[in-house]
Amino acid sequence: MGAFTWWDTAVLIVYVVGIAWVGARFGKDQENTQDYFLGGRKIPGWAIGLSVMATQASAITFIGAPGWGFEGGLERLATFINVPLAMAVLIVVLVPIFHRAGIYSIYELLERRFGALTRSLAALLFLVARGLATGVVLYAPALVLSVVTGWDVNLTIVLMAVIAVSYTVLGGISAVIWTDVIQMFVLWLGAILSMVLMVSSLPGGWGDVFAYGAANGMFDTIDLSLDPTVTYSLWAGLIGGMVMHVAYFGTDQSQIQRVLTSPSIAEGQRSLLIGGYLLVPQMLLFLFIGVMLAAYYQQHGLTAPENLNELFPRYVVNAFPVGVTGLVIAGVFAAAMSSLDSALNSLSAVTVRDFYARYVKPEADEKHYLKASRWATIFWGLYATAFAFFAGNLGPVIEAVNRIGSWFYGALLGTFLLAVLSHRSNGRGAVAGIVLGMASVWAVSQTDVSWLYQNFVGLVVSVVVGYVVSLTAPAPTPEQLSDVVIDETAPDMQAILKGRSGNATEIGRDARLTRRRCLGLILWFFVSLAALALLQGWANG
Amino acid sequence: MAERQERCGPGAEVTSEDDALASISWLPRRLDADAAEPKLRRFGAERFEPAWLSLWAMAIGRDPERPLAWLLAADHLPRALLIAGALDPRPTQDDEALVLDGGRQPTQAQFERWWLWERLARPKRWSLRVQPATLRAVALPLWLGYSQGRSGAGQERKTRLIVLSGLSGEALGALKPAVLAGFRERTKAQTDAFRSGVPEGTPEPG
């Protein structure tokens, strides 16, 4: 114990090479080709769920959340408590429309609804936002490498960027869902092992952790303050955080891509459902590790590192048994690669599809576009690398990623909601909404108002401005509304459908599947909230 | 006809839409009424019926003899339906269900572009190509569910359509506009036939 030994290095190399071998071996065979076409339908739901979790910032969570919890306790969970509700909104409102529209990139929907300028603006917002966030995702494993080797973090950033871009350009291995599953198990193993080791090193065990957390207000998750400058109040989490997560999972191509490539609406909804149930407990687990680390540092009289992102990697390196350290660090690298591969691929796909194939070379052949997508991957790798050098100054990486998204997500979601919910809005309004929505977010970011509310402000301004400005231009044509208005409601079509329905075979009534799924998520939200309230009540006597 | 021949491209086995439609392949209805009924019920349908939608299929694979998957589409659809494995087509329709025209034949370039976007969205399988020689007209089995929906204040209840694949049982929201267009086309043909005094015949796909 106490350092990253040669044994750990050997385990790390064996793990990374082993994962690469599994990807290369099973990623190319006939069975995996069928899985590719079937969207992994033959694979059990729990494995798909873990794969979803693996691509959703697991390395960021592993590195950032303990530092976040160390600093502020479980209060930060307010940012994520809304996730089940956000998933329910997505499942009911956006996913069916995206699926029905038959689109490969969600920004296509905006072009059909509002015109090419709106599509390009929205796609550009995504590229800028996701590119910046990818810089933070790149910084996370680079920091771990720096902690492990003692090398300068700027050097490890460049090293990780070269590895991530090469890995993505060469095709990645994330097609093999089982490698993602292994990664998630390794990360969770690391989390649970760290809890066991920490508790066993404290004289009072769990009692010390809970006593320390309660005495320092670290279990005060629910802050009902209406003051908008309170960053992690329940209202900031419910109002701003929910907009952020609906936008993140619904209008960020790197996330919604998995839903769009699902073979059916139900399959797409399943991946959102899994995230809806698992993200809050996962975040709770890693924030709680932060609380445990705070108790551990206090009991052992240790001084925390200046950069709290180093906190948990340092603990893993210093406290874990020889070999297990290497395994967990390898899991972090593999998870980071999975996230980077997914982000770089979506950045490259949107660059080629929404810009290059549209404005630069519309009629090129497949080989040309493949080459273009590889160059785009390299470009976004460089862009992310440039930003990664600054990521260390942004505080806990998990907060940094969400803060970056909050600059863009409100206006982006507002534009999509305008497209879907208002049949009077048009291209002029949408563009005005995006521009003023972004401007209002910038204005709010100059104040002390919680960054979570930036999402809500961007949403409201883009929708209201978008609608009002739309009134100054003609209403959209029926063709422009075809993706969002179901033409079965037209009077002539109603006559046809009623005629066919009258002659069709009758079946019984039952609850709608989608409604039942969403009720589960809403129930889960209240159960999570009640559990946190109980913990807070206990901690405050 | 010249315009139609250009759509198939060089080397294509099928040389016109008319030839293709003469040899339409009927995909197997793997989901029978007993299996379709509970699925449609879960989506809120109160009545249901079988139907067929004519589409155009092109194989994906390394060679035309061993297709790994198929793209099913019509020229006006924004995205192709991706079906894994063999199509296992039948020469004749195995029921008397309604046949709807799904749209005109896409070009080879359209199929290539759809496949390109599919792989850009989920990068992998760059070695697999669309196989133009496999182009064929197919009839996709569907189950159509009808729901009366909920009525708003002062509003009449609207009949909603639910489209379910007869191959896999999945809801196919993306095909709903094509089905509705097929209904509209069919009604128009019936009205025209009635006006010209010609007896109504079975609608032809394509």
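Note that the structure is predicted; figures quoted are calculated from it, not measured. Numbers restart at 1 for each chain; the letters A, B, ... are given by sequence-line order, proteins then strands.
- Across B:A80, B:S165, B:A33, B:A174, the residue that shares the most heavy-atom pairs under 4.5 angstrom with chain A is B:A174.
- Note: B:T187 OG1 to A:R500 CZ = 8.5 Å, rounded to the nearest 0.5 Å.
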Decide yes or no on side-chain contact (heavy atoms from CB on, under 4.5 Å) for A:K498 and B:K158, but give the supporting numbers first. CA-CA 9 Å; A:K498 281 187 198 304; B:K158 304 277 190 199; 5.9 Å; no

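- Side-chain contact between A:Y369 and B:R119: absent, with no pair of heavy atoms (C-beta onward) separated by less than 4.5 Å.
- The shortest non-hydrogen separation linking B:P78 to A:R112 is CB-NH2, 3.2 Å.
- Heavy atoms of A:A364 lying under 4.5 Å from chain B belong exclusively to its backbone.
- Between the CG atom in A:N503 and the CG atom in B:L98 there is a gap of 11.0 Å [rounded to 0.5 Å].
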One pair to check against side-chain contact (heavy atoms from CB on, under 4.5 Å): A:L497 and B:L180. What are the steps and the verdict? CA-CA 9 Å; A:L497 289 179; B:L180 293 173; 4.3 Å; yes

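- Residue contact with chain B, scored on non-hydrogen atoms closer than 4.5 Å, involves the side chain of A:S373 exclusively.
- Here CD of A:E108 is found 8.5 Å from CH2 of B:W117. Values are rounded to the nearest 0.5 Å.
- In this structure, B:L161 and A:M493 have side chains that are not in contact, with every pair of non-hydrogen atoms separated by 4.5 Å or more.
- When B:R160, B:E46, B:R47 are each tested for a side chain to side chain contact (heavy atoms under 4.5 Å, CB included) with A:S501, only one passes: B:R47.
- Counting heavy-atom pairs closer than 4.5 Å to chain A, the top-ranked of the candidates B:W114, B:F183, B:Y146 is B:Y146.
- Summarising the geometry, atom OG1 belonging to A:T505 is positioned 8.0 Å from atom CD belonging to B:E49; distances are rounded to the nearest 0.5 Å.
- The CD atom of B:E118 sits 4.5 Å away from atom OH of A:Y104, with the distance rounded to the nearest 0.5 Å.
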